[in-house]
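The structure under discussion appears below in the form of structure tokens.
Only heavy atoms go into these numbers, but all of them, side chains included; no hydrogens, no water, no symmetry mates.
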Amino acid sequence: MTTDRKFDVLIVGAGMVGATAACLLARSGFSVAILEAREPQVFDSTKAVGLRVSAFSPGAQAILTEAGAWRQIEQQRHRPYRRMRVEDRDESVVIAFSAPEFGLERLGTIIENQLVQWSLWQTLQAMGGVEIICPDQLEALDYENDEPVVRLSSGRSVQCRLLVGADGANSKVRRMLGIDQKHWEYGQQGIVSVVETAKPNPGIAWQRFAEGGPLAFLPLQDGTSSIVWSRPEAEARRLLELDDAAFCAELEQAAAGESQAWPGTICACGPRAAFPLTMQLSHCYAASRAVLIGDAAHVVHPLAGQGVNLGLLDAAGLAEVLVAARSHQADIYSEKTLRKFARWRRSEVEVMARGIHGIRGLFMPEVLAPLRRFGLGLVARSWIAKEAFIKRAAGKNRNAPALARGVALTDLLRAPSS
Ligand SMILES: Cc1cc2nc3c(=O)[nH]c(=O)nc-3n(C[C@H](O)[C@H](O)[C@H](O)COP(=O)(O)OP(=O)(O)OC[C@H]3O[C@@H](n4cnc5c(N)ncnc54)[C@H](O)[C@@H]3O)c2cc1C
């Protein structure tokens, strides 16, 4: 097998997570190749808001800043939000969060996935030390002198010291490494759309645990909202087939509370799509000179808006561990180095994933309503519980990667952690 060049790191998948890892590792001085099957679409702000948007936490914002992409993102359309409101279905319990109460400038920012991926690509193209291999695909994985050699659809082979699987929920890298997962099918789909309310979204991330599943309204720059509405599969298919007026009427009813407060009247909706909702947790995040990050390693229910945020924390954690290994003259692919990354990130993700799974379970059957109201009431009244939740959701808890907590990459390179 012939390879033209050997890289320190080869990343398979240049979605938001893989591209962030590539930027951080290249800026840390590693030679990086990144392989992507599909050329990303150019972001065009004259077009309507895309269907896939995400809530990016302050920690994710700090990571994207260090990756070099945030400046470009914030020059385009995005919507910071400083308030969040979580309601039980009958509004008997409401948990309200506001950024200043936790010393934060914002709780998060709503951004189109396409803008984030495009900005990261622009950053990658502008920086040296990264080879972008696109369009091409992973076909086979072999080892030569114990080093991963990836064979591509084009016939090319690429050798690396460390392979990173960032190739999404159906990760081929994960399957080739033989890493198993626990998999939960929720039997639900998340319907997404952009909707216009009679009263514009006041800049609040609003979520109601409606009957059948959570319903979220995320604020967009022009006062419209991006919704994620979890519904049982058959019900989701039915809702997708309704005409716009009928869909808006059903959405309005699901969102209506007794207090008649916002969101109120839904005037219009854009195109709709639905995504299957699952939880997938890999048994380990590292094997044979390879690691998994992002959805390749874990998929969580979108109710807490944490999927891509966890993936960006993986990317930052990986950069931190590899920089520390190099500064201690350790191999970036040594078992000790990879075990450190895998244990750290897996335990952090499990806390969040199981928390989300538990919250979702608690909200489903009506028989659990008294327990739910009691638990929610405690959280609503406890500043300590709210602060612990916000710190973790913001990516600012004690165990979060340094880059998420605001440490600059240049400082990490000067004084790596032990
Ligand atoms: C309805 C919904 C709402 C959500 N809302 C939020 C939210 O508000 N906040 C949040 O944090 N998360 C949210 N998420 C989750 C978030 O969208 C995902 O966690 C995130 O997109 C995963 O990014 P990734 O880069 O890991 O994977 P992907 O985006 O899947 O990227 C994988 C990349 O790998 C490439 N690839 C795959 N196989 C190969 C191969 N063999 N060779 C080469 N390239 C390959 C693909 O083309 C792709 O570009 C939501 C999810 C859903 C379904």
Side-chain angles (χ1 to χ4, degrees), residues 1-15 17-22 24-26 28-37 124 129-181 280-298 311 314-315 317-346:
M1 185 176 297
T2 53
T3 64
D4 39 18
R5 195 183 148 192
K6 183 158 87 181
F7 295 89
D8 290 329
V9 184
L10 168 63
I11 299 169
V12 180
V17 173
T20 300
L24 293 175
L25 292 172
S28 303
F30 295 104
S31 62
V32 177
I34 185 159
L35 166 68
E36 172 54 50
L124 279 175
V130 183
E131 180 166 341
I132 302 174
I133 308 169
C134 178
D136 211 338
Q137 287 197 45
L138 166 71
E139 281 296 324
L141 170 62
D142 295 304
Y143 285 85
E144 216 172 84
N145 302 323
D146 285 340
E147 288 185 335
V149 180
V150 164
R151 193 154 48 76
L152 309 182
S153 310
S154 59
R156 184 180 167 188
S157 291
V158 183
Q159 190 165 8
C160 58
R161 294 189 174 85
L162 178 67
L163 178 67
V164 177
D167 50 342
N170 296 317
S171 170
K172 204 168 182 177
V173 173
R174 186 183 65 234
R175 277 181 275 129
M176 286 175 169
L177 294 171
I179 296 178
D180 282 338
Q181 288 194 316
Q280 296 169 221
L281 296 178
S282 297
H283 291 319
C284 67
Y285 290 6
S288 321
R289 298 199 184 193
V291 295
L292 299 176
I293 59 174
D295 274 21
H298 44 75
D314 294 342
L318 183 64
E320 191 174 324
V321 168
L322 297 191
V323 165
R326 185 180 57 193
S327 77
H328 292 106
Q329 278 85 46
D331 289 322
I332 57 169
Y333 51 77
S334 75
E335 220 185 300
K336 192 176 163 205
T337 305
L338 300 192
R339 206 181 318 124
K340 186 175 169 189
F341 165 77
R343 280 194 181 160
W344 176 27
R345 286 308 306 152
R346 184 167 177 272

*Counting only N and O atoms by type, is there a donor-acceptor contact under 3.5 Å from the side chain of S153 to the main-chain atoms of Q137?*
yes
*Should E131 and V158 be marked as a side-chain contact (heavy atoms from CB on, under 4.5 Å) after you check the CA-CA gap, both sets of side-chain angles, and the distance that decides it?*
CA-CA 11 Å; E131 180 166 341; V158 183; over 6 Å; no
Tabulate below the donor-acceptor pairs under 3.5 Å that side-chain atoms of residues 285-295 make, not counting sequence neighbours, or state none.
residue	atom	partner	partner atom	Å
R289	NE	D146	O	3.2

_Rounded distance [0.5 Å steps], CZ in R161 versus CZ in F7_ = 11.0 Å
*Could you walk me through whether V9 and L318 pass side-chain contact (heavy atoms from CB on, under 4.5 Å), step by step?*
CA-CA 11 Å; V9 184; L318 183 64; 5.8 Å; no
_Enumerate the salt bridge (Lys or Arg N to Asp or Glu O under 4.0 Å) contacts for residues 322-339, please, sequence neighbours excluded, ordered by first and then second residue._
E335-R339
*Drop me the distance from Q159's CD to E147's CD, to the nearest 0.5 angstrom.*
5.0 Å
_Let me confirm one number: the CG-CG distance from D136 to L35, rounded to the nearest 0.5 Å._
6.0 Å
*Where do I34 and L10 come nearest, in terms of heavy atoms and distance?*
N-CD1, 4.4 Å
*Test side-chain contact (heavy atoms from CB on, under 4.5 Å) on V323 and F30 and set out the steps.*
CA-CA 9 Å; V323 165; F30 295 104; 4.1 Å; yes
*Quick one: OG on S282 to CG on D180, what's the gap to the nearest 0.5 Å?*
9.0 Å
_V130 versus A22, closest heavy-atom pair with distance_ = CG2-O, 4.5 Å
*Between I179 and C284, what is the shortest heavy-atom contact and its length?*
CG2-O, 3.3 Å
*Mind checking the CD-NE2 spacing from Q280 to H298? Nearest 0.5 Å is all I need.*
11.0 Å
*L162 and L322: side-chain contact (heavy atoms from CB on, under 4.5 Å), yes or no, with the steps?*
CA-CA 10 Å; L162 178 67; L322 297 191; 3.8 Å; yes
*Compare every heavy atom of L141 with every heavy atom of P148, then report the nearest pair and how far apart it is.*
CB-CD1, 4.0 Å
*asked:* So, taking the atom named CD in E144 and the one named OG in S157, what distance separates them when rounded to the nearest 0.5 Å?
replied: 8.5 Å
*Whether S31 side chain and D8 backbone form a donor-acceptor pair below 3.5 Å*: yes
Kindly list each side-chain donor-acceptor pair under 3.5 angstrom involving residues 164-172, sequence neighbours excluded, with atom names and distances?
residue	atom	partner	partner atom	Å
D167	OD1	S171	OG	2.6
D167	OD2	S171	OG	3.3
D167	OD2	K172	N	2.9
D167	OD2	V173	N	3.0
S171	OG	V173	N	3.4
S171	OG	R174	N	2.9
K172	NZ	L138	O	3.1

